[in-house]
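A quick write-up on the structure given underneath.
Whatever order the structure lists them in is the order used to number ligands and atoms, beginning at 1. Worth knowing before you read on, the calculation uses all heavy atoms, side chains too, and leaves out hydrogens, waters and symmetry mates. Residue numbers run from 1 in the order of the sequence given. Please read all numbers here as calculations on a predicted model, not as lab measurements.
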Amino acid sequence: MKAQDIHLVWIRRDLRITDHTALFEATKNDAKVVLVFVFDTKILNLLPDKEDQRVDFIFQSLCDLNKQLEKYDTKIIIRHGDPIKEIPYVAQELGVTSVYFNEDYEPYAKARDQEVKGSLTKLNIKSFSFRDHIIFGSQILKPDQTPYVVYTPYKNTWLKKLKPLHWEEKRPQYNFVKVKDLKGLAKKITLREIGFSSHSTYYKSQNPSRSAAIQRLKEFSQNLSHYKENRDFPALDEATSLISPFLRFGLISVRECLRTIVKLKNEGARTWMSELIWREFFIMIMDMYPHVVNSSFKIQYKNLKWENNKEWFDKWKSGNTGFPIVDAGMRQLNKTGWMHNRVRMIVASFLVKDLLIDRRWGEQYFAEKLIDFELASNNGNWQWCASTGCDAQPYFRIFNPSLQSERFDKNAEYIKFWIPELSQISPKEIHHPEDSDLQNKSTYPKPIISHSVQKQKALRLFNPKK
Ligand SMILES: Cc1cc2nc3c(=O)[nH]c(=O)nc-3n(C[C@H](O)[C@H](O)[C@H](O)COP(=O)(O)OP(=O)(O)OC[C@H]3O[C@@H](n4cnc5c(N)ncnc54)[C@H](O)[C@@H]3O)c2cc1C
């Protein structure tokens, strides 16, 4: 490396400067670095809601990052456009010799990154990419060198391979180019300028800042020993980490999560580790089998004849199906952008196997609403619930909303919180809306379907010969 070398670090889904692989690699040998982020118009133009919570989350996180950078007298350059043009442009303007970034495994991101690398090569600028937001992903293969399609053996191999070096902190040197030398590129940008407006409320402790992310991990680590027994009860929603948006946008690194786990050698920590491995499993599946984005993993379920009743779909979206546990979840999602995992499973199963609606409709709705939306996890979990995915639950296993409700929200605390009009109704009636007349005792709607009738239809849909 020559003394005057400057490296550009392209920040994407890794909005932090701590424990950051690309930044660590770029600053080895004392090179100077500049950070850049691009609000990608190809992604933003597809978002239907101009008050999108994720865009605000990213924007606020960038503002927070700039505050952290003040002490180094620098700023992150924020651009709005197509990264294929923006990254080579910024690299050229600053005369950098190399561009560093962390890998992203979504099909769109992989294609985009290839194009950016190609353009940089033509300009004689090197580019380097690194695995950062996962530990292994598709590096874990079966002994015959093909990818796993079943979670448990994937997890077992993943755990066997894990060594302390995998959670070691990637500690960069903060040798940033000063703001005065950024050639006016670090201009202030507003959300309005990129066509969005702010979304000021965030669920619980999910505020977009590095300090909120660290605080959440710290608080959760005190509950981690009870994670296994409490994580399925949505009324105890701080029993899970609530860390998903921070992990999704990289305000916290997966290695920081692992360091928390390995310090606590209890059953809760081991179970939490398994969830982080589910995340990697689905990222690996998307990386290896990109057809899952538009189609079923299991090809035999590609052309199932869904009923796709639009009126029912609207009632599902707005939380008005007359099944309280489903509606509570959808109202939580609409209000906060987040939903408890157990309830995500219940509402997804209900959409597919009770309303007989194509899971892709539900998946798309989640993609528009979830603050932690992650293509791989969303797709993998929807396919799991719909029985169309790899290692999914079998098609004949159909959640009974009443039993799920009774088991996981016994006192209907979660339901009553999100559906206050049911606050005076007994849990028993709430759990069994088809046998109660909730609509006459409150303003809550009556059930739009009969679970037992729809269940039979779902079984026939998956297996017409039976
Ligand atoms: C239909 C459906 C759609 C989903 N869509 C998403 C999504 O778009 N983005 C997303 O991050 N998670 C998704 N999940 C998984 C899961 O619901 C959330 O990760 C979890 O609720 C986030 O809360 P937490 O951070 O408190 O989780 P914790 O229980 O504390 O788990 C810690 C982390 O592990 C990961 N994780 C946990 N469970 C899963 C899982 N089943 N699959 C993959 N990763 C998991 C997440 O990164 C999570 O933050 C979906 C689940 C279902 C059933």
Between the side chains of E115 and R112, is the shortest nitrogen-to-carboxylate-oxygen separation below 4.0 Å, so that they form an ion pair? no
Between I243, L224, N381, V347, which one has a non-hydrogen atom sitting closest to atom 2 (C) of ligand 1? N381
Rounded distance (nearest 0.5 Å) linking atom CE of M339 with atom CE of M345: 12.5 Å
Starting from atom 32 (C) of ligand 1, locate the nearest protein heavy atom and write down its residue, its atom name and how far away it is, to 0.1 Å. W272 NE1, 3.1 Å
Give the single entry among I252, N379, N223, N378 that approaches atom 4 (C) of ligand 1 most closely by any heavy atom. N378
Residue and atom name of the nearest protein heavy atom (relative to atom 30 (O) of ligand 1), distance in Å to one decimal: S241 OG, 2.5 Å
Ligand 1 to L247, heavy atom cutoff 4.0 Å, flagged ligand atoms 47 (O)
What part of W384, side chain from CB on, backbone N/CA/C/O, both or neither, has a heavy atom under 4.0 Å from ligand 1? neither
Which residue holds the protein heavy atom closest to atom 33 (C) of ligand 1, what is that atom called, and what is the gap in Å? L276 CD2, 3.7 Å
Please state which option from N341, L370, D372 has its nearest heavy atom closest to atom 17 (O) of ligand 1. N341
Using 30° and 60° as the class limits, which term best fits the ring planes of Y154 and Y148: parallel, tilted or perpendicular? perpendicular
Answer yes or no for F281: is there a heavy-atom contact with ligand 1 below 4.0 Å? no
Would you please determine whether W338 falls within less than 4.0 Å of ligand 1 on a heavy-atom basis? yes
Check K155 with E280, please: is the shortest side-chain N to carboxylate O separation under 4.0 Å? no
The option among S244, P234, S349 carrying the non-hydrogen atom nearest to atom 49 (O) of ligand 1 is S244
What residue and atom, counting heavy atoms only, is the protein's closest point to atom 38 (N) of ligand 1, and at what distance? E275 OE1, 3.0 Å
Return yes if some donor-acceptor pair links the side-chain N/O of Q383 with the main-chain N/O of F297 below 3.5 Å, else return no. yes
Looking at ligand 1, does Y227 have a heavy atom less than 4.0 Å from it? yes
F350 and F323 aromatic ring geometry - parallel, tilted or perpendicular at 30°/60° bounds: tilted
Winner among R344, R248, M345 once heavy atoms are compared against atom 6 (C) of ligand 1: R344
In ligand 1, which numbered atoms sit nearer than 4.0 Å to a non-hydrogen atom of E374? 7 (C), 8 (O), 9 (N)
Sorted by chain and residue number, the side chain to side chain contact (heavy atoms under 4.5 Å, CB included) partners of N230 (sequence neighbours excluded) come out as H226, L236, A239
Pick from D132, D113, D104, D40: which one makes a side chain to side chain donor-acceptor pair (under 3.5 Å) with R12? D113
Ring-face cation contact, W382 with R344, 6.0 Å cut, 45° max: no
Under-4.0 Å heavy-atom contact with ligand 1, by part of F220 that carries it: neither
Atoms of ligand 1 under 4.0 Å from any heavy atom of R279, numbered from 1 in the order shown, are 43 (C), 44 (N), 47 (O)
With atoms numbered from 1 as shown, which atoms in ligand 1 lie under 4.0 angstrom from a non-hydrogen atom of L242? 24 (P), 25 (O), 26 (O)
Which word best sums up how the rings of F246 and F57 line up, parallel for under 30°, tilted for 30 to 60°, or perpendicular for over 60°? tilted
For the residue pair F130 and Y100, does the interplanar ring angle fall in the parallel (under 30°), tilted (30 to 60°) or perpendicular (over 60°) class? parallel
